[in-house]
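Scroll down for the structure; my scribbles are underneath it.
From a predicted model like this one, the values you see are computed outputs, not experimental measurements. Atoms within a ligand are numbered from 1 in the order they appear, just like the ligands themselves.
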Amino acid sequence: MPVLVEQDPSLVESLLGAMPTGSHAVATTERGMAWLDQHSDEYVVALGPSVDLTSALATAEELRIKRPTVSVVLVRDQFDTDVLTKAMHAGVRDVVVAGGDEKALTSAVERAHQLFQALRGPGGARQLGRVITVFSPKGGVGKTTSSVNLALALTDRGARKVCLVDLDLAFGDVAITMQLFPTHSIEQAVGSEDSIDLSMLEGLLTRHEDSLTVLAAPAHPDVRERVTPLLISRILRALRDGFDYIVVDTSPSFDDATLTALDETDECVIVATLDVPTLKNVKVALETMDMLSIARGHRHLLLNRADELVGISVEKVESILNMPVTAQVATAVDIAAATNAGTPIVSHKPGHPASQAYAHLAASVTGEPVAVPAPTPVAQAEQPRSRGLFRRGRS
Ligand SMILES: Nc1ncnc2c1ncn2[C@@H]1O[C@H](COP(=O)(O)OP(=O)(O)OP(=O)(O)O)[C@@H](O)[C@H]1O
Ligand SMILES: [Mg+2]
C-alpha cells in the first residue's frame, strides 16, 4: 500500500486521510526506502513537506532508475516553477500542495496506481489481499476467539478467500481451537526466506472450510526462534497474492513476530476487556503504535466480554483509550462451546448477537456496508442477556 514520508504527526494524519485505506507513514526517506525494499508491489511514495527538497529529489532520482513502477508524489507547503522544473528532471510524477485541495493528493495517488497497473500489464492489475492483525498486549482476552470468528465473518459465506495465520509462534492455538490437525505449519517454511511463494505456502495450509484456510503455528515452542521477521513478512506478502484477506492472530506482546505483522498490516483489531489492568496495557500499546506509526487511522477496537455490571462503561473505555469502540461481544458460553466444537459461533449461529458483532467488525475492517444476518429469535437464543450488545464505531 502507498507509503508517506512525513515527520509531523498532524500532517501525517491529514495526508493519510487523502490516501487509500491501508497507506502507511514513516518518518524518514531511509525508512521509506527500506519499506520499498520489502514491498515489491508498492506503487507510490508521497514525500511530505518535512522532507527537504534535496533529499526528496535524490529519492525520486534513485527510484526513477531502480523502481520505475513506483511514482513519487512531492507534497510541498508551496512551490514555484523552479521547484517544478527540478522535480520534473528528478522524475517526480506529481507535485501537490499540503493543506490545499485534498483531492489533489488523492488523484495523484490514483494516477500512480493507473500507471503501475499499465506498466505491470494485465496480469499485474490483480487486487492484492489485505492483512488484518488482531492484537492485544494482554493474554487471555479473546484474541484467538476473535481472530477465528472475524476470519469466518470475512469469508462472507464462501465468497472471499481468507487465510488465518497463527503468529503466536510459541503457544499458538488456532488449530486446536478450530479442531484442525495440521500436518504442516509455518515451521516447514523456516529457512525459505529467499524462495517462499504462494505455491509453496499452499502446501503448508490447513483447510477449515471452503474459503478459510489456516497457517498453523509450530507444534513446539522452541521453533519460534527460527521463524525470522524477514520470513514472516515474506509469508504475509506471498499470501496477499492468493487471498482476499489475511487475518493474523498474535501473542500477547510486542515480540518480533507481532511487530512484523503490525508493520505489514493494513488494518489492526485491538482486543480489550472491561478491566483496569487490560485497559492500562491497551492504552500503553496504542501509544507505542502511535510512536511507530502503526495502522494510524486503521484501528478497530473490539471489546470482548463486554458485560454489564462490571463497573466500567463503554463511554469510559472510549475516553480512556481515545478511540471509538467498533464492536462489543458479551461473555457467552455459546462462544466458547461453539469454538470448542470446531464450529465457531459465526458459522454455528450466524444470528447470535456475538456473530452479528463479528459481522460488524468485519464490515469495519473491510470498509464495506454491513450485511448482518437475521437475529436468532429470542426463544432460540441461548444468551438473551447479550441482545443489543454490539454497535458500530463512530468513525
Ligand atoms: N466472549 C466470550 N465469551 C465466553 N468465552 C470467551 C469469550 N471470549 C473468549 N472466551 C474464552 O476465553 C478463553 C480465552 O480466549 P482466547 O484463547 O481467545 O484468548 P487469547 O487472547 O487468544 O489468549 P492467549 O493470550 O493465551 O493467546 C477461551 O477459552 C475462549 O473460549
Ligand atoms: Mg490466543
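- Within the structure, the closest approach of A330 to ligand 1 falls below 4.0 Å when heavy atoms are considered.
- Checked by atom type, the side-chain pair T265/T133 shows a donor-acceptor distance below 3.5 Å.
- Protein N/O/S atoms nearer than 2.8 Å to the Mg ion (ligand 2) total 1.
- The backbone N or O of A338 sits nowhere less than 3.5 Å from a side-chain atom of T343 that would complete a donor-acceptor pair.
- Listed by number with element, the atoms of ligand 1 under 4.0 Å from a non-hydrogen atom of G139 are 25 (O).
- Side-chain contact check for T331 and D307: at least one donor-acceptor pair (N or O, by modelled atom type) lies under 3.5 Å.
- Residue pairs that meet the salt bridge (Lys or Arg N to Asp or Glu O under 4.0 Å) test with at least one member in residues 83-98, sequence neighbours left out, are D82-K86, D94-R111.
- In terms of protein heavy-atom proximity, atom 12 (O) of ligand 1 is closest to R305 NH2, 3.1 Å.
- Side-chain contact between P2 and P20 is present, with at least one heavy-atom pair separated by less than 4.5 Å.
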Report, one line per pair, each donor and acceptor closer than 3.5 Å where one atom sits in a side chain of residues 55-63; sequence neighbours left out.
{"residue": "S55", "atom": "OG", "partner": "D52", "partner atom": "O", "Å": "3.3"}
{"residue": "S55", "atom": "OG", "partner": "D52", "partner atom": "OD1", "Å": "3.4"}
{"residue": "S55", "atom": "OG", "partner": "D52", "partner atom": "OD2", "Å": "3.2"}
{"residue": "T59", "atom": "OG1", "partner": "S55", "partner atom": "O", "Å": "2.7"}
{"residue": "E61", "atom": "OE2", "partner": "R64", "partner atom": "NE", "Å": "3.2"}
{"residue": "E61", "atom": "OE2", "partner": "R64", "partner atom": "NH2", "Å": "2.8"}
{"residue": "E62", "atom": "OE2", "partner": "K66", "partner atom": "NZ", "Å": "2.9"}

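- When the heavy-atom distances from atom 17 (O) of ligand 1 to T144, V134, T331 are ranked, the shortest goes to T144.
- Close approach to D168 involves these atoms of ligand 1, each under 4.0 Å from a residue heavy atom: 27 (O).
- Of the listed options I335, V174, N340, I335 places a heavy atom closest to atom 2 (C) of ligand 1.
- Compare V333, N304, T339 by their heavy atoms: the one nearest to atom 1 (N) of ligand 1 is in N304.
- For H24, the ring pair (Phe, Tyr, Trp, His ring centres under 6.0 Å) criterion is met by W35, not counting sequence neighbours.
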